[in-house]
Structures are given as C-alpha cells and as structure tokens.
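This one's a predicted model, so the numbers in the text were calculated from it and none came from an experiment.
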Number of protein chains: 2
Amino acid sequence: MTIINEYKDHDRMLIAVDCIIFGFDGENLKALLIKRDFEPGLGNWSLMGGFIKNEESVDAGAARVLQELTGLTDIYMEQLYCFGEVNRDPGGRVISISYFALIKINGSLQLMKEHNPKWFNIQRLPAMVFDHKKMIELAKERIRIRAASRPVGFELLPEKFTLPQLQKLYEAIYDATFDKRNFSRKILSLNILKKLTIKEKTSSKKGAFFYMFDHNKYKKLEHQGVKFI
Amino acid sequence: MTIINEYKDHDRMLIAVDCIIFGFDGENLKALLIKRDFEPGLGNWSLMGGFIKNEESVDAGAARVLQELTGLTDIYMEQLYCFGEVNRDPGGRVISISYFALIKINGSLQLMKEHNPKWFNIQRLPAMVFDHKKMIELAKERIRIRAASRPVGFELLPEKFTLPQLQKLYEAIYDATFDKRNFSRKILSLNILKKLTIKEKTSSKKGAFFYMFDHNKYKKLEHQGVKFI
DNA sequence: TCAAAAGTGTTGACCCTACACCCATGG
DNA sequence: CCATGGGTGTAGGGTCAACACTTTTGA
C-alpha cells in the first residue's frame, strides 16, 4: 500500500483486539479468560487478545484471535468499544478494540490449552490485567441490550433447547428471575420457535419439549422490531 | 514510554478520529462537514478528523479535533464505532475511531473557516470520502437510541427553549411527527423541566413559555431509567 | 377580526404483571 | 404414591395512541 505524504508525519501505534467470550453452562453466564504466561501481566488473568496486522481488518483480527483460543469460526461477534487511554497498557501505547463473542459450551468445544483458558462465572470474576474488567462490564451491559431485542440468546444454547433452559439463560443474562408463565407466553407469541415432538428428560421426570430457533420466521419479523424481554 | 520486547514485532498503524458533529437549526438536524483541501479526497466532503498522537488518549484526540473546527470545549461527545477495514482510506492503513458530538448552533459559534465547514441537513447529505457516510448513518441510529432514554436533546437546544422547539427537535431526530398533547404530557410528566415565566414571541403571536432543563432533578431520576420517547 | 401557533383532557386498546393449580413420570 | 419440574389462563392496572377545541395576540 502506498502511503501518501500527508500521512507520513503522524504517530503509529499498536492496535490490539480483546475478546470477551461468553458461554452458558445451563445455570450461569460465563466469560472465558486466559492466564497470561507472557509480559506484561504474566501470571494474571486476562481476556484473550492479539495485535492487528497490516493486511487484516480489525474485524478479521478479532475473529482470528477468537479462533486461536477456541478453534471456532462463524461465531456471533460484535465490536464493543475502543479503549484508547495513553497508559492503559504498561507495555507500551496500545489501542485496544474490544469485541464480544457468544459461543456454545458443549462437548465438541476444544480450547487451546497453551493459553491456559478458564471459564469464570460473570458474577465472580478474578482480578484482571489493564482495563479488562471494564471491558467485561461493558460487554455485560451490551449483551443485555442485545438480548432484549435480537435473538442472540440462541447463540449460547444448543441447537435444540427447552423453554426452561431458555428462561434460565435470560435470567442469567439479566441477573433476575422471571415468571415462567409470562416468559413462555411472551417468547412463544413471537412465533419464532419451532416446537419439536421430542422431549428433554434428564432434568425432570415429565420432560420438557425441545424447541429450535426458526431463522426464517425471525427474518420476516426483524424489520418491525421484536421484543424478547 | 518503554516498549517491552513482546510488543516489538507487531505492526503499527495510524489512528484517526472522525467526528460527526450534530446541530439543530430549529427545523432540521444538521451535520457539519468540511470540504477537504488536502489529499486524499481533495475537493470532496468529509467529516472533520485528525490523527491521534502518542501522548494523547483517543477521547482527548476527538475533543481536540472538535475544538480545531468549532473552538468549543466541554461538549457532549460519545465514541461511536471503530472502522478498521484494510483499504478504507486510500492514503494508507488508517484505523478510524468515530465520535459524535452535539453542539448548539447559535450566534456565538465561530467555525474555523480554513477547514471550509458547511452544515448539511442530515436528510440530504452530499457524497463523502471513504466510509464517512456509513459513520453518519450509524450516528443517526445512535442519537435516536440516546435521545429516547437520556437528556441529550438539550445539548442541541439553547439553554432556554420552548416545548414546540423541543418537539421539533425530537421530530427531526426521529424523522417523525408527534402529537403535541401526548408529547408535552410525556415530557412534562418526567418533571425535569423548569418552566420560566417569560415567553418566546418571535414564532407566534400568543408566545410559548420558555423552559430549562433541570440537571439536578434529572440526576435524581437517572438511575431508575427515564423514557423521553 | 382574522390568521397562526400555543395550550389543554378524555377514552379505548393494548400490554404487562401478578398470581396458583394440575400434569406427567421416574423412582 | 409421591416428589419434582413442566405446563397453562385470567383479571386489574398502567401506559400509549388517537383525537378537537379554545386561547392569545399581532397585523
């Protein structure tokens, strides 16, 4: 790429991305952190991050960093905020663009062990390097906003899920409890779930019907605004 | 600042800020653009922007850029989004952090002529360089979200304003018309406006009462969530 | 006296919340 | 047969949208 004259005399900086990776274990909303074995912050908990390369977009860099830890591609990711304080990183002037990702925790998920990953309940986060705690707090706010009006919750659940599972997820996201009659009425009235004929029987004797999210039905409603909560 | 070893081998880039500056002329929501007399994009319309320096935060850089065009400090500004495509700027690899600002258009506003500034109705924007149109579209969405639940509208009005003026502002922001009975009832029921005893008499014979935004009353309500629209 | 904008109340529809009991089944 | 979690309906209150006439006063 050619650099034009007007741009020559300005400062250049490192651009990082940091990923808040959310998961749901059936009970609690979780964030995936790594224990750093490199400086700065060696030995401390941190978000998974990395530096943007000249030939990749910031979005692509965030997707790459997510993949480096989880192996996953085609994941729901959203840019959160740019953190640009001068001394936010003691290792140098680094501007960080934070992203959050929603992934499914299930049997097939294979985390890269060399990063020392660990899931933490978002209610009980450890001390973290730099401004990473602030990033997670912002991500918690953002996921609440999104979950209220977009079908992001389904990114955190298995393809087939029950209404009680979906309700527990929303309760974890909002740190609240909902009345199950009101919850199921509201969700089902959106008419974006397909009810299956099979039941989930591990968590109760009666068994709860499985549902699937119907992307096509949602697409038709999307433009007119939908309220999940 | 010392740069540690782990950071040495990564790419460094230019960081720009671009400011969407909104104003309200009593009828329409406006955006302030400049006509570039420098490359790339010489002769085209553009947002006011600039490069971040090593010793300033991104927020501070945005405030500086705003001041360079308007002379204003202590202005409502909010970070909008980071635009990080590889080829978004033909002049080189530049990551742009966009901000939007809300300023009052009134007699005392002195724009720096050397930047060739011009106010445009946000309904009728000219062609613009790079991804600046996308930035403005995003800013329009964001100001709608903000104006619905935070008192940002008052940043665009004179200190003293009438209810019809406030309503016209909201109508411009949402590109919609509201019933004036419903509008005034909703706004006044929030109990965050001080009614003055004087009237604005230029736009009608009867005259409309002036109001002022009461910051203290709003602060007490802020935490419980307020709905303007 | 007239034109032009300001100001003001009521009603019906809808939505949201609160709330309790029966069902199915595995052990 | 009983303990456990799944599933369902209704009534009251509050909020929102629709709607029209009177007031003021400068020209």
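- Across the interface with DNA chain D, nearest-nucleotide mapping of A/L163 and B/K227 shows A/L163 to be the residue nearer the 5′ end.
- Rounded to an integer number of Å, the gap from OH of B/Y211 to P of C/dA6 is 12 Å.
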Run the salt bridge (Lys or Arg N to Asp or Glu O under 4.0 Å) test on B/K133 and B/E137 for me, step by step, so that the C-alpha distance in whole Å, both residues' side-chain angles and the decisive distance to 0.1 Å come before the verdict. CA-CA 6 Å; B/K133 189 89 145 225; B/E137 291 306 318; over 6 Å; no
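- Geometrically, A/K199 engages A/F209 in a cation-pi contact defined by less than 6.0 Å to the ring centre and at most 45° from the axis.
- The side chain of B/S203 approaches C/dA6 more closely than any other nucleotide in the set C/dA6, C/dC16, C/dT8.
- Checked against side chain to side chain contact (heavy atoms under 4.5 Å, CB included), A/R185 has the following partners two or more places apart in sequence or in another chain: A/N182.
- Projected onto DNA chain D by closest heavy-atom contact, A/Q165 and A/K205 fall at different nucleotides, the more 5' of which corresponds to A/K205.
- In this structure, the CZ atom of A/F178 is 17 Å from the C1' atom of C/dC19, given to the nearest Å.
- Protein atom NZ of B/K186 is 18 Å distant from nucleotide atom P of C/dT8, rounded to whole Å.
- Put simply, the side chain of A/K104 does not reach to within 4.5 Å of the side chain of A/L109, judged on heavy atoms.
- Within the 3.5 Å criterion, the main-chain N or O of A/Y81 finds a donor-acceptor partner in the side chain of A/S98.
- Separating the CZ atom of B/F183 from the P atom of C/dG7 is a distance of 12 Å, rounded to the nearest angstrom.
- Across the protein-nucleic acid pair, B/N182 atom CG and C/dA6 atom P stand 17 Å apart, rounded to whole Å.
- The ring-ring contact (aromatic ring centres under 6.0 Å, His included) contacts involving residues 134-171 of chain B comprise B/F154-B/F161, B/F154-B/F213, B/Y170-B/F183, where partners must be two or more places apart or lie in separate chains.
- Not a single donor-acceptor pair, N or O on each side, falls under 3.5 Å between the base of C/dA24 and the side chain of A/K206.
- Of the candidates C/dT10, C/dT17, C/dA5, C/dT17 carries the atom nearest the A/R185 side chain, counting heavy atoms from C-beta on.
- One cannot find a donor-acceptor pair under 3.5 Å joining the base of C/dA6 and the side-chain atoms of B/K199.
- Position along DNA chain C of the nearest nucleotide to A/G207 versus A/D179 favours A/D179 as the more 5'-ward residue.
- Between B/F22 and B/F24, the gap from one ring centroid to the other reaches at least 6.0 Å.
- Taking the 5' to 3' direction, DNA chain D first and last meets chain A under 4.0 angstrom from a heavy atom at D/dA3 to D/dT10.
- One can place NZ of A/K180 at 17 Å from P of C/dA18, the figure rounded to the nearest angstrom.
- Distance CD1 (B/I187) to P (C/dG7): 14 Å, rounded to an integer number of Å.
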